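Computed from a predicted structure; not experimentally measured. Throughout, protein chains are lettered first and strands after them, A, B, ... in sequence-line order, and every chain is numbered starting at 1. Just so it is clear, the values below take in all heavy atoms, side chains as well, and ignore hydrogens, waters and symmetry mates.
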Amino acid sequence: MSFTGGHGGVSASGGRFFRAAMLLPGTFAAFVLILFSLALVLFLAFRSNDGSLLGGGATLANFAAVATDPLYVMVALRSLAIAGLVTLATVVSAWPVAYLLAFHAGRHRSLLLFLVTLPFWTSYLLRVFAWKIVLAYNGVLNSALVGTGILSEPSLAFLNTPAAVVLTLAHAYAPFAILPIFVALDSMPKSLFEAASDLGAGAFATFRRVVLPYSMPGVLSGALVVFVPTVGDFVTPSLVGGPRSVMVGSLIQAQFGKANDWPFGAALAVSVMALIIALILIVRRVDRRFGSRR
Amino acid sequence: MTTLLRRSPATSLLWAYVAVYLAFLYLPVGLIPLFSFNDAIQAAFPIKGLTLDWYRAVADNEALRSALATSLEVGLTAAALATLCGVTIAYMDVFGRSPFARLLATIASLPILIPGIIIGIALLILVNLAGIGPSRPAIIAGHVLAGLPTAVMVMRSRFMNIPRSIPEAAQDLGAGDLLVLWRVVLPLSAPAIGSAFMLGFLTSFDEFIIAFFLAGTEPTLPLFIWSQLRFPKSLPMVMALASLILAASIVIAGAAEMLRRRGQNR
């Protein structure tokens, strides 16, 4: 009998072995696989490349190169611009869907919710591959446009452009933003609509002063979950982006591949993480301003 | 409910938008199965004839079969381990009220906020340091991390919905910790565990970026597809394979969703 731990919980006395066993798998995953391996990246970023696994000698040269070399600066800015555009497009296009789901979906709600989350569970590589088929020189879009007489000959303008990267990534991560915005809107008491209209607010004022602020925590976390995977992506630039769309993920991949400069690759990765952490802090701040309940 | 729920012109417009949005979401991916039956190497209109040749090519491909075997083994193992971590972390957090487990749950959800490429290189350094090197176990470790946030979330929300009075009653009747877990809480959570396992399997089965860095000589299915994309001639075969993968993903995601709902309605 264990009255000590009590009340539907795990007992404190006698259950020491049980507690340890239960905490073991999670501790290994969290501390070894996640924290220790990330610490290794951080460590390696401050080492020089001498071909050995953990590099030789401490140095700041990797970060100096990241910050000063015009090539890397340009790639970093491009990654920011592409990920920023993708995030904006994804969130703005997802918002009305989340709004309908929260307030107007009626009996179709669970079906619609399933339909918008299903692509989340299909292969990301295949979603990108689909766009390669669509945008290729002798691909679906060109053949359709030529076949219907809109174009006289296939256009090269679709594939291998930064625009193709933005379009493909926005499509690949489209469903990511809907769920957080939906959850935020769904928690909004419906009586607020009546309260707003009783107080004389029109549809637009209600949207701007009530619904939009209420959705903000969802918008911000949706933006974050789209931005994080897009900013580090290298698959999409490589499949549909062409040489003018190289992103920071492509650079990191090259350092751990052909270029074989792991410390520099680690420094690039640390820079990306620093940016993401800065964004998370900003998002938290803005979130608080909107009176988030979390 | 409110007047707003009646179909106004604005609501109809909203529905039209959602229809367009869903078309944008599904059309490009829908082209893959369409062209997998196309009797030409090029995926282009007009479709000339229909064939099952590409599916035959999928069935006959030796490298593909071994990639499938690798993917299944990695996926099942990673899903089992991610589910184990998810169940134990969530259980200790919710029923053990352990602050340490709360910390573990927070760390376990970090992979959402880290780009896959960084998880990939971090584990690549780790497995090289450990002397394992890029290999199947390395991919499994990576996919455990990829599946962990979902597993913890699914199990936590299930455990939170179990009334405290149930394990309490079992304890009062003299059940020890292990008995409460094994005979009371886990049976009540079986659908959620099944759902977490399936979602973990799907995450691993479709995952490319992390596996890209951690694969040794044996590619997973997405890595096999990646290696084939360079050859225009094998694109139709890739489309047939992709159609099968999409179909499997949809079935598994649908089953996981049904299980999750059944678990909630108990």
Can you measure from CG (Leu118(A)) to OG (Ser249(B)) and round to the nearest 0.5 angstrom?
8.5 Å

Chain B contact via Leu24(A) - which portion, at a heavy-atom distance below 4.5 Å:
neither

Which bit of Leu35(A) is near chain B, if near means a heavy-atom gap under 4.5 Å: side chain, backbone, both or neither?
side chain

Is Pro111(B) close to chain A through its backbone or its side chain, or both, or neither, when contacts mean heavy atoms under 4.5 Å?
side chain

For Ser197(A), is it the side chain, the backbone, both, or neither that has a heavy atom closer than 4.5 Å to a heavy atom of chain B?
neither

Shortest non-hydrogen contact from Tyr91(B) toward Met22(A)
CD2-CE, 3.4 Å

Checking Thr150(B) against chain A: side chain, backbone, both or neither under 4.5 Å from a heavy atom?
side chain

Quick one, Leu145(B) and Ile34(A) - any side-chain contact, counting heavy atoms below 4.5 Å?
yes

Provide the closest heavy-atom pair for Gly96(B) versus Arg19(A) in the form atom of the first, atom of the second, distance.
O-NH2, 3.4 Å

Looking only at non-hydrogen atoms, find the nearest pair between Gly26(A) and Thr88(B) and report the distance.
N-OG1, 4.5 Å

Apply side chain to side chain contact (heavy atoms under 4.5 Å, CB included) to the pair Asp206(B) and Leu126(A), showing each step before the final yes or no.
CA-CA 9 Å; Asp206(B) 287 334; Leu126(A) 295 182; 5.8 Å; no

What's the separation between atom OG in Ser110(A) and atom CZ in Arg261(B), rounded to the nearest 0.5 Å?
4.5 Å

Who wins among Ala39(A), Gly232(A), Pro175(A) for the most heavy-atom pairs under 4.5 Å with chain B?
Gly232(A)

Please state whether the side chain, the backbone, both or neither of Ser238(A) comes within less than 4.5 Å of a heavy atom of chain B.
side chain

Which residue out of Ile276(A), Thr27(A), Val116(A) racks up the most heavy-atom pairs below 4.5 Å with chain B?
Thr27(A)

Min side-chain heavy-atom separation Phe129(A)-Leu235(B) under 4.5 Å:
yes

Hey, which of Val231(A), Leu125(A), Val41(A) has the most heavy atom pairs under 4.5 Å with chain B?
Leu125(A)

Could you tell me if the side chain of Ile209(B) sits less than 4.5 Å from the side chain of Phe234(A), heavy atoms only?
yes

Side chain, backbone, both or neither: which part of Phe227(A) has a heavy atom under 4.5 Å from chain B?
neither

Return the option, out of Gly147(A), Ala136(A), Pro119(A), Pro229(A), with the maximum number of heavy-atom pairs under 4.5 Å with chain B.
Pro119(A)

With a 4.5 Å cut-off on heavy-atom pairs, point out which of Val180(B), Leu31(B), Val152(B), Leu126(B) contacts chain A the most.
Leu126(B)

When you look at Met239(B) and Ile133(A), which way does the side chain to side chain contact (heavy atoms under 4.5 Å, CB included) test go after all the steps?
CA-CA 10 Å; Met239(B) 279 191 262; Ile133(A) 307 174; 3.5 Å; yes

Engaged part of Ile277(A) at the chain B interface, taking heavy atoms whose separation is under 4.5 Å:
neither

Return the CD1 to CZ distance between Ile117(B) and Phe256(A), rounded to the nearest 0.5 Å.
8.5 Å

Pick one of side chain, backbone, both or neither for Ala94(A), based on which atoms fall under 4.5 Å of a heavy atom in chain B.
both

Side chains of Leu54(A) and Leu129(B): does their closest heavy-atom pair fall under 4.5 Å?
yes

Interface check, chain A: of Leu181(B), Val184(B), Ile166(B), most non-hydrogen pairs under 4.5 Å belong to Leu181(B)

Counting only non-hydrogen atoms closer than 4.5 Å, does Leu33(A) touch chain B with its backbone (N, CA, C, O), its side chain (CB onward), both, or neither?
both

Trp131(A) versus chain B, heavy atoms under 4.5 Å apart: side chain, backbone, both or neither?
side chain

Any idea which of Ile245(B), Leu113(B), Val127(B) has the most non-hydrogen atom pairs under 4.5 angstrom with chain A?
Leu113(B)

Out of curiosity, Leu199(B) CG to Phe120(A) CZ, how far, rounded to the nearest 0.5 Å?
9.0 Å

Specify which of Ile252(B), Leu110(B), Ile250(B), Val144(B) makes the most heavy-atom pairs with chain A at under 4.5 Å.
Ile250(B)

Go through it in stages, so that I can follow the logic: the residues are Leu38(A) and Ile119(B), the test is side chain to side chain contact (heavy atoms under 4.5 Å, CB included), and I'd like the CA-CA distance, side-chain angles, deciding distance and then a yes or no.
CA-CA 8 Å; Leu38(A) 287 177; Ile119(B) 294 179; 5.9 Å; no

Contact class of Leu178(B) relative to chain A, heavy atoms under 4.5 angstrom
both

Taking the side chain as every heavy atom from C-beta outward, state whether Ile178(A) and Tyr21(B) have any pair of such atoms under 4.5 Å apart.
yes

Working to the nearest 0.5 Å, report the span between CZ of Phe24(B) and CG of Leu167(A).
5.5 Å

Proximal component of Ile112(B), with respect to chain A [non-hydrogen, under 4.5 Å]:
both

Checking side chain to side chain contact (heavy atoms under 4.5 Å, CB included) for the pair Val97(A)/Leu14(B): CA distance, chi angles, key distance, verdict?
CA-CA 8 Å; Val97(A) 182; Leu14(B) 203 55; over 6 Å; no

So, the part of Leu148(B) with a heavy atom under 4.5 Å from chain A: the answer is side chain

Shorter than 4.5 Å, heavy atoms on both sides: which option in Ile89(B), Leu202(B), Ile125(B) has the most such pairs with chain A?
Ile125(B)

Checking Leu135(A) against chain B: side chain, backbone, both or neither under 4.5 Å from a heavy atom?
neither

Taking the side chain as every heavy atom from C-beta outward, state whether Pro115(B) and Val272(A) have any atom pair closer than 4.5 Å.
yes

Under 4.5 Å heavy-atom distance to chain B, tell me which part of Val140(A) shows up: side chain, backbone, both or neither.
both

May I ask you to decide if Ser93(A)'s main-chain N or O and Tyr17(B)'s side chain share a donor-acceptor pair within less than 3.5 Å?
yes

So which part of Leu239(A) gets closer than 4.5 Å to some heavy atom of chain B, the side chain, the backbone, both or neither?
side chain

Most chain A-contacting option - heavy-atom pairs closer than 4.5 Å, from Tyr26(B), Phe213(B), Phe205(B):
Tyr26(B)

Using 0.5 Å steps for rounding, measure from the CE atom of Met92(B) to the CZ atom of Phe18(A).
6.5 Å

Contact origin within Leu224(A) toward chain B - heavy atom pairs under 4.5 Å:
side chain

Answer key: most heavy-atom pairs under 4.5 Å with chain B among Leu115(A), Leu112(A), Val32(A) is Leu115(A)

Considering all heavy atoms, the nearest Pro25(A)-Cys85(B) contact:
O-SG, 3.8 Å

In terms of heavy-atom pairs under 4.5 Å, which option from Leu40(A), Thr117(A), Leu100(A) contacts chain B the most?
Leu100(A)

Heavy-atom cut-off 4.5 Å, strictly under: side chain, backbone, both or neither for Gln253(A) against chain B?
both

Can you tell me which portion of Thr106(B) sits under 4.5 Å from chain A's heavy atoms? Options are side chain, backbone, both or neither.
neither

Under 4.5 Å from any heavy atom of chain A - which part of Ala242(B):
both

